[in-house]
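Both backbone and side-chain heavy atoms feed into the values below; hydrogens, waters and symmetry mates do not. Both ligands and their constituent atoms are indexed starting at 1 by order of listing. The model shown is predicted, which means the values in this text are computed figures rather than measured ones.
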Amino acid sequence: MRTEILGVGFDDLTPEEAARRGQALVETEGFHYAVTPNPEFLLAAKKDAPFRRALLGADLVLADGVGVTYAAKILGRPLKGRVTGIGFAQGLMTWMARTGKRLYLLGAKPGVAELAAANLKAQHPGLLVCGTHDGYFSEDGPVVEDIRAHAADVVFVCLGAPKQELWMVKHGPASGARLMVGLGGSLDVFAGIVERAPEGFQRLGLEWLFRLMKEPSRIGRMSKLPLVLVDALGERVRGK
Ligand code: UDP
């Protein structure tokens, strides 16, 4: 059963439960994909049907961001908490290193995925990064073939939304991977190019504020985010 928040159904899980669900998907025959919607996703999905369908069709839908958990509270359907994409990825990698699963990193500017791979292997001894590819390619076929040729179990797809979600739906099944996870700008963080918010900010759910301090040009994009809460209030008042 999913918790519906502004048109998208979320899995109501703690980070530990999400990690177990992710592992189970990798252990299950066939292709699966996970998405990590934040408030920006919800606003975009309202106007973009293929994107909304891609979110609804995912095997795992994690609430990435306090905006989503606030909206859930306003709607009277509180979630256990948020599960950040990066936290989910870290948990999965710890398990993958232990069990010898193969990870492929897709996305970001040329050279970034390789840098991320080196850092992640240092952080998770034994982690098997079987391949990497940047996110600026014009033909999909060779990328899908590369993932298949490297026998990846898990692919972190970091092309930004909605591109990554549509890409996973369209190309995931042919890639031979068991699980793809849409992780936005995470490779830039893993590579050390973009700084992750310090723990204090994370604890308070203020990653967005940290990001805004680092990249003030995001203000235009971010100023729309409270609209998610306005939408949630509207739904609540209408008694939906
Ligand atoms: N990106 C990519 N291919 C593209 C467009 C974007 O690989 O065609 C990468 C970009 O380099 C960045 C990530 O996708 O690493 C998106 O980052 P952003 O912070 O905009 O996404 P968010 O996490 O906010 O969804």
Side-chain angles (χ1 to χ4, degrees), residues 8 10 33-48 50-52 54-55 58 61-68 82-90 103-120 129 131-144 146-147 152 155-172 175 180-197 201-202 205-228:
V8 174
F10 283 83
Y33 68 101
V35 295
T36 57
N38 61 29
E40 272 185 70
F41 284 47
L42 299 184
L43 292 176
K46 250 182 26 176
K47 298 188 197 129
D48 180 345
F51 182 34
R52 194 166 58 242
L55 296 177
V61 184
L62 304 173
D64 188 356
V66 284
V68 177
R82 65 202 173 110
V83 183
T84 63
I86 290 201
F88 175 70
Q90 292 286 11
L103 175 65
Y104 191 103
L105 303 176
L106 172 62
K109 301 223 169 83
V112 174
E114 289 78 359
L115 215 55
N119 289 345
L120 293 173
V129 180
T132 56
H133 200 293
D134 69 74
Y136 296 85
F137 47 89
S138 49
E139 273 186 77
D140 298 316
V143 179
V144 178
D146 197 53
I147 296 171
V155 186
F156 290 167
V157 184
C158 304
L159 306 172
K163 191 171 177 182
Q164 63 200 12
E165 286 73 23
L166 300 175
W167 203 88
M168 294 192 289
V169 168
K170 191 160 176 209
H171 301 291
S175 73
M180 285 189 176
V181 189
L183 286 172
S186 304
L187 289 183
D188 296 320
V189 174
F190 294 146
I193 288 170
V194 169
E195 198 182 338
R196 194 180 183 195
F201 280 80
Q202 289 181 39
L206 291 177
E207 282 100 331
W208 59 271
L209 179 60
F210 181 77
R211 201 158 183 192
L212 188 60
M213 283 157 54
K214 291 276 163 187
E215 294 173 69
S217 61
R218 279 189 173 254
I219 188 77
R221 208 168 138 182
M222 281 186 169
S223 62
K224 292 204 208 86
L225 299 187
L227 286 178
V228 165

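Side-chain atoms of F10 and L62, non-hydrogen and from C-beta on, never get closer than 4.5 Å to each other. Side-chain contact between L227 and L43: present, with at least one pair of heavy atoms (C-beta onward) separated by less than 4.5 Å.
Applying the ring-ring contact (aromatic ring centres under 6.0 Å, His included) test to F41 and every residue at least two apart in sequence or in another chain returns F51.
Between R82 and E207 there is a salt bridge, with a side-chain nitrogen of the basic residue lying less than 4.0 Å from a carboxylate oxygen of the acidic one.
Pairing each heavy atom of G172 with each of S175, the nearest pair is O-OG, 2.7 Å.
For ligand 1, residues of the protein lying within 4.0 angstrom by heavy-atom distance are G107, A108, K109, G135, Y136, C158, L159, G160, K163, G184, G185, D188, R211, R218, R221.
Aromatic ring orientation, W167 versus F137: perpendicular (interplanar angle above 60°, classes split at 30° and 60°).
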